[in-house]
Amino acid sequence: MKQDRREFLRKAGIGALAGIGALAGLNPLSALEKTDMSALSGKPVPGRTRWGMLIDTRSCTDGCRQCVTACHRAHNVPDFGDRKNEVKWIWKSRYEQAFPTSGTQFQKPELLGREVLTLCNHCAEPPCTRACPTQATFKRRDGIVAMDYHRCIGCRFCMAACPYGSRSFNWLDPRPAISEYNREFPTRERGVVEKCNFCSERLARGLQPACVESCPGKAITFGDLNDPGSTIRRMLSEQETMQRKPELGTLPSVFYII
Amino acid sequence: MIEKALKGNRAYWAWIALLIVVIAAGLNAWAVQLDTGLGVTGMGRDISWGIYIAQFTFLVGVAASAVMVVLPYYLHNRREFARIVIVGEFLAVSAAVMCMLFILADLGKPQRVLNVLRYPTPNSMVFWDVVVLNGYLLLNLVGGWTVLGAERKGVAPPSWVRPLIYLSIPWAFSIHTVTAFLYAGMPGRHLWLTAVLAPRFLASAFAAGTAILILISFILRKTAGFDAGDEARKKLTVLAAYAGIANFFLLGMEFFTAFYSNVPAHMHSLQHLYFGLHGHGQFVPLMWLSLLGGIASVIVLLVPALRSRSSWLVAACVGLVASIWIDKGIGLVIGGFLPTPLEEIVQYVPTLTEMTVTAGIWAIGLLLLTMLLKVAVAVKTES
């Protein structure tokens, strides 16, 4: 009896600690961080989900912008035509910009300047969600770093915190700058931050992200990083891949084959 | 007590009128910004904070520096600070109000600012900054006003006010430490990602804030006939000099760590600011002006033959304040964004609208400070 009581107290104590840890975001293994994706698709999926992406830069054609166009059309991303007010969810960077801490000496000459797709990394340890004062940006149970445009106060802390330059702010009213309005996705107001959402609205309908679907070279693989049987996991285990700025400990969910 | 701010000579009212004109212009510019969006400023996708956040960072330091008179007067009973301690407290109040206004001006959705309190988020440093700044404002306003009110009535201050004043001392350190944490915890922004950021913030704050107090004491002597006393000024001069030395020492530490280690990411921001990087160096002349002007000012403050002359002392204080304003505002906040996470250099030039809003907020702060000091001087000269 006495033993049982002690055991109960010990477990209750651990439970309370885990609860506090989860609330404070201190414990990365807590239930709040990773759960099943039933909240997302409506149909329960065994195991936990962490959506991830593998981009094969060898199959990505220089000058091709089909994924960028598809994404920006699907999500009503405005085009202001100038760099200062620019809003972008996915774009092409040069290799040495995307991987500034990788060595560039004596590499294949065609590597420098190669176009690399860059987008939100949906980090497992996102610095942006840590910095947000209102939880307007947060990590979903399926690993997607999401935005609540109705809660964002526009302080741009997440932009300063993001080490990948993946976030954009609506410096002006975006609506007049949307060339082809997609009625199936909301537009934003000026004064809030936005970024790639891993096409969570398409995932919910069982579709692949718009960039994946539109790529003529099939350069992008999307899938569940927590499922050992998924195609993306098989490819990751078979090939050498890179993440952007791994030294920062953000654990990006976007991987690259160079 | 506030009615004392409503009695003044022509020069006083002309000053008030000037401030109101600037405030009106600032409000008008803010209306334009609210109507069009923050796109009317020079900020953009890459440099996403500009002079608003720069002023905020500088002014948190000014607010914190009240501790340089509160601590010796209340903890060490240094009577020479008796006439200037209220100036320090009211300067802190005005600076804290300006800080909040600059944050408000910087928000994309200012109408949602209360979301910070509706969804309190302890892992966000902004949440703590809101808590400590508001607390500090209240502590200084209540402490300063209550002691001044007691003095007007010729009675001893109520006993409950003393613990509040004691609390304001560690609180002053907390506001600038938390402000440094806003920056120092961000991965990938190497100019900010340094353990000496909070100490350097405190050192630069105590240098610039103390220099401002000395300047205010000269202004009050000239315009209001209220002299805080040479003794207080002498002590403050020494404090400003040593805080200035600490600031430049810590800046030197940054240079050593970055350049001796030879790690590119650590060097790039400093290279861009002080020497130019990839052919870009928008801020190089300003940064050298700040560095050399600041060091020269500290030397003047250290040499007794120079600092004992009012003209040199005023020039050195102006130089030190300007140096730290450039270093902390332009250098640290804007320079921290460069190079961008994708290793690019972009330009930042504040727009006229942005500068008018900035001037308007400074004018609000100066108006508040003028009125508070008017009350303080009236009480002090009557008693």
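Naming convention: chains lettered A, B, ... in sequence-line order (proteins, then strands); numbering from 1 in each chain. Hydrogens, waters and symmetry mates play no part in the numbers below; they use all other heavy atoms, side chains included.
For residues 145-153 of chain A, the interface with chain B (any heavy-atom pair closer than 4.5 Å) comprises A:Tyr149, A:His150, A:Arg151, A:Cys152, A:Ile153, sorted by residue number. Against chain A, the residues from residues 335-348 of chain B that qualify, each with a non-hydrogen atom under 4.5 angstrom away, are B:Phe337, B:Pro341, B:Leu342, B:Glu343, B:Glu344, B:Val346 in number order. By a heavy-atom distance cut of under 4.5 Å, not one residue of residues 101-110 of chain A is near chain B. Using a 4.5 Å heavy-atom cut-off against chain A, the contacting residues of residues 38-63 of chain B are B:Leu38, B:Gly39, B:Thr41, B:Gly42, B:Met43, B:Gly44, B:Arg45, B:Asp46, B:Ser48, B:Trp49.
Taking SG of A:Cys162 as the start and CZ of B:Arg189 as the end, the distance is 7.5 Å to the nearest 0.5 Å. B:Asn123 CG to A:Thr129 OG1: the interatomic distance, rounded to the nearest 0.5 Å, is 7.5 Å.
Listed here is the closest heavy atom pair of B:Pro187 and A:Pro163: O-CB, 3.8 Å.
Looking only at side-chain heavy atoms (C-beta outward), B:Leu107 and A:Cys155 come within less than 4.5 Å of each other.
For chain B, the nearby part of A:Arg167 is the backbone; its heavy atoms alone come within less than 4.5 Å. With a 4.5 angstrom heavy-atom cutoff, B:Trp192 touches chain A only via side-chain atoms. In this structure, the portions of A:Phe157 lying under 4.5 Å from any heavy atom of chain B include both its backbone and its side chain. For chain A, no part of B:Ile103 is nearby; none of its heavy atoms comes within less than 4.5 Å.
In B:Trp171, the CH2 atom is crowded: over 12 heavy atoms of neighbouring residues, nucleotides or ligands sit closer than 6.0 Å. More than 12 heavy-atom neighbours from other residues, nucleotides or ligands sit within 6.0 angstrom of OH on A:Tyr181.
Distance alone, capped at 3.5 Å, is enough to place a donor-acceptor pair between the A:Arg156 side chain and the B:Asp106 backbone. A donor-acceptor pair under 3.5 Å links the side-chain atoms of A:Arg190 to the main chain of B:Leu34, judged by distance alone. Formation of a donor-acceptor pair under 3.5 Å by the B:Asn115 side chain with backbone atoms of A:Thr134 is not found in this model.
In terms of heavy-atom pairs under 4.5 Å with chain B, the best-connected choice from A:Gln97, A:Lys245, A:Lys88 is A:Gln97. Counting heavy-atom pairs closer than 4.5 Å to chain B, the top-ranked of the candidates A:Arg130, A:Glu86, A:Glu96 is A:Arg130. Of the listed residues (B:Leu193, B:Val116, B:Asp129, B:Leu117), the one with the most heavy-atom contacts under 4.5 Å to chain A is B:Val116. If you tally non-hydrogen atom pairs under 4.5 Å between each of A:Cys132, A:Pro133, A:Ala131 and chain B, the highest count goes to A:Pro133. The choice from B:Arg112, B:Met186, B:Arg118 that makes the most heavy-atom pairs within less than 4.5 Å of chain A is B:Arg112. With chain B as partner, the option from A:Ala160, A:Ser168, A:Ser93 having the largest number of non-hydrogen pairs under 4.5 angstrom is A:Ala160.
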